[in-house]
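Data first, discussion second: the structure below is written as structure tokens.
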Amino acid sequence: QVQLVESGGGLVQAGDSLRLSCAASGRTFSSYTMGWFRQAPGKERDFVATIHWRGNTNYADSVKGRFTISRDNAKNTVYLQMNSLKPEDTAVYYCAAVLELSYHVPVGRREYPYWGQGTQVTVSS
């Protein structure tokens with residue numbers, strides 16, 4: 001198993017930037033594919049970005065060109081750099097992990113068995 005703890009959320013204005021961090025423990029971090037999801041009040045938890053254990057990435061259309069997912073295996077940490085934030089980015093952001101040993105890049109929340117507690121990101125207009 002792996003335990004995940006997110007940090008870095010906060011209240012910012014439209015156009016500002018934030019970097020979220022997700023610290024992992026419990027298993028070999030480098031073997032896990034990591035993902036970021038977000039959930040606004042009353043809505044489904046939506047895919048944001050994923051980084052495969054081999055390093056390739058995938059993004060939701062709504063964040064392409066603005067968000068960047070990265071990982072530091074030496075620190076057991078995955079990051080989400082968020083630039084040009086918009087009010088519609090307001091949500092609780094969750095870090096997720098799956099032991100994916102194939103070339104499949106998971107983008108569905110049901111594909112991730114391990115989740116963090118979430119960190120709130122609020123973007124004012």
Side-chain angles (χ1 to χ4, degrees):
Q1 297 186 6
V2 61
Q3 294 179 328
L4 307 172
V5 180
E6 303 97 331
S7 63
L11 174 63
V12 298
Q13 298 187 68
D16 286 352
S17 298
L18 279 175
R19 189 176 76 159
L20 306 183
S21 298
C22 175
S25 63
R27 276 202 62 123
T28 302
F29 176 78
S30 61
S31 299
Y32 284 83
T33 288
M34 306 296 297
W36 285 98
F37 291 74
R38 64 187 182 185
Q39 187 169 22
K43 295 188 176 181
E44 297 288 328
R45 189 172 300 185
D46 293 327
F47 167 76
V48 175
T50 186
I51 182 166
H52 196 266
W53 66 274
R54 289 182 173 269
N56 50 304
T57 59
N58 193 32
Y59 298 90
D61 289 340
S62 59
V63 305
K64 285 182 179 178
R66 299 188 298 120
F67 291 10
T68 302
I69 188 171
S70 62
R71 65 193 298 161
D72 187 338
N73 290 338
K75 297 182 178 180
N76 283 13
T77 302
V78 63
Y79 304 96
L80 185 67
Q81 178 66 46
M82 305 184 294
N83 298 328
S84 301
L85 283 163
K86 305 174 180 180
E88 49 262 45
D89 295 319
T90 296
V92 177
Y93 283 71
Y94 296 90
C95 178
V98 57
L99 188 60
E100 178 59 68
L101 301 181
S102 72
Y103 291 98
H104 173 64
V105 181
V107 298
R109 62 183 184 274
R110 294 182 180 179
E111 298 183 82
Y112 291 85
Y114 307 110
W115 294 85
Q117 82 289 345
T119 185
Q120 177 70 48
V121 173
T122 303
V123 184
S124 62
S125 59

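By the 4.5 Å heavy-atom criterion applied to side chains, Asp89 and Arg66 are counted as neighbours. Contact check for Leu20 versus Glu6: no side-chain heavy atoms found under the 4.5 Å cut-off. Under the 4.5 Å side-chain criterion, counting only non-hydrogen atoms from C-beta, Leu99 is in contact with Ser31. Here the side chains of Trp115 and Arg45 are in contact, with some heavy-atom distance below 4.5 Å.
The side chain to side chain contact (heavy atoms under 4.5 Å, CB included) test with Ile51 is passed by exactly one of Thr33, Asn58, Val78: Val78.
Evaluation of the side chain to side chain contact (heavy atoms under 4.5 Å, CB included) rule for Ser7 yields Ser21 as partners, not counting sequence neighbours. Residues satisfying the salt bridge (charged side-chain N to carboxylate O under 4.0 Å, His left out) test with Arg109, not counting sequence neighbours, are Glu44.
Hydrophobic clustering (ILVMFWY, side-chain heavy atoms < 4.5 Å, transitive): Leu80 and Val123 are in one cluster. Connection of Val107 to Phe37 is established within a shared hydrophobic cluster, with ILVMFWY side chains joined at heavy-atom distances below 4.5 Å, either directly or through further cluster members. There is no path of hydrophobic side-chain contacts, each under 4.5 Å, that joins Leu11 to Val121. One hydrophobic cluster holds both Ile69 and Leu18 under the rule that ILVMFWY side chains link at heavy-atom gaps under 4.5 Å. Hydrophobic cluster membership differs between Val92 and Phe67, with clusters built from Ile, Leu, Val, Met, Phe, Trp and Tyr side chains linked at under 4.5 angstrom.
Ser125 and Pro87 get closest at one heavy-atom pair: CB-CG, 3.7 Å. Minimum interatomic distance between Arg38 and Ser62 (heavy atoms only, all atoms of both residues): NH2-OG, 3.4 Å. Here the closest non-hydrogen pair linking Val2 and Ala24 is CG2-CB, 3.9 Å. Closest heavy-atom contact between Phe47 and Tyr59: CE2-C, 3.7 Å. The two residues Ala40 and Ala91 make their nearest non-hydrogen contact at N-CB, 3.9 Å. The two residues Trp53 and Ser30 make their nearest non-hydrogen contact at CB-O, 3.5 Å.
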**OP:** Determine, step by step, whether Asp61 and Lys64 satisfy the salt bridge (Lys or Arg N to Asp or Glu O under 4.0 Å) criterion, reporting the C-alpha distance in whole Å, the side-chain angles of both residues, the deciding distance to 0.1 Å, and the verdict.
**Re:** CA-CA 5 Å; Asp61 289 340; Lys64 285 182 179 178; 3.2 Å; yes
Original post:
Which is it for Leu85 and Gln13 under the side chain to side chain contact (heavy atoms under 4.5 Å, CB included) test, yes or no, and what are the steps along the way?
Top reply: CA-CA 8 Å; Leu85 283 163; Gln13 298 187 68; over 6 Å; no
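A side-chain donor-acceptor contact under 3.5 Å links Thr50 to the backbone of Met34. No side-chain donor-acceptor contact under 3.5 Å links Tyr93 to the backbone of Gly8. For Thr77 (side chain) and Ala23 (main-chain N/O), no donor-acceptor pair under 3.5 Å exists by modelled atom type.
Between the CD atom of Gln117 and the CG atom of Leu4 there is a distance of 9.0 Å, given to the nearest 0.5 Å. In this structure, Phe29 CZ and Cys22 SG are separated by 7.0 Å, a value rounded to the nearest 0.5 Å. Atom-to-atom distance recorded for Thr57:OG1 and His52:NE2 is 11.5 Å, nearest 0.5 angstrom. One finds the OH atom of Tyr114 at 5.0 Å from the OH atom of Tyr32 (value rounded to the nearest 0.5 Å).
For Arg19 and Tyr79, the positive end sits near the middle of the six-membered ring, less than 6.0 Å away and at most 45° from its axis.
Residue pairs meeting the side chain to side chain donor-acceptor pair (under 3.5 Å) criterion with at least one partner in residues 96-108, sequence neighbours excluded, are Arg54-Tyr103, Glu100-Ser102, His104-Glu111.
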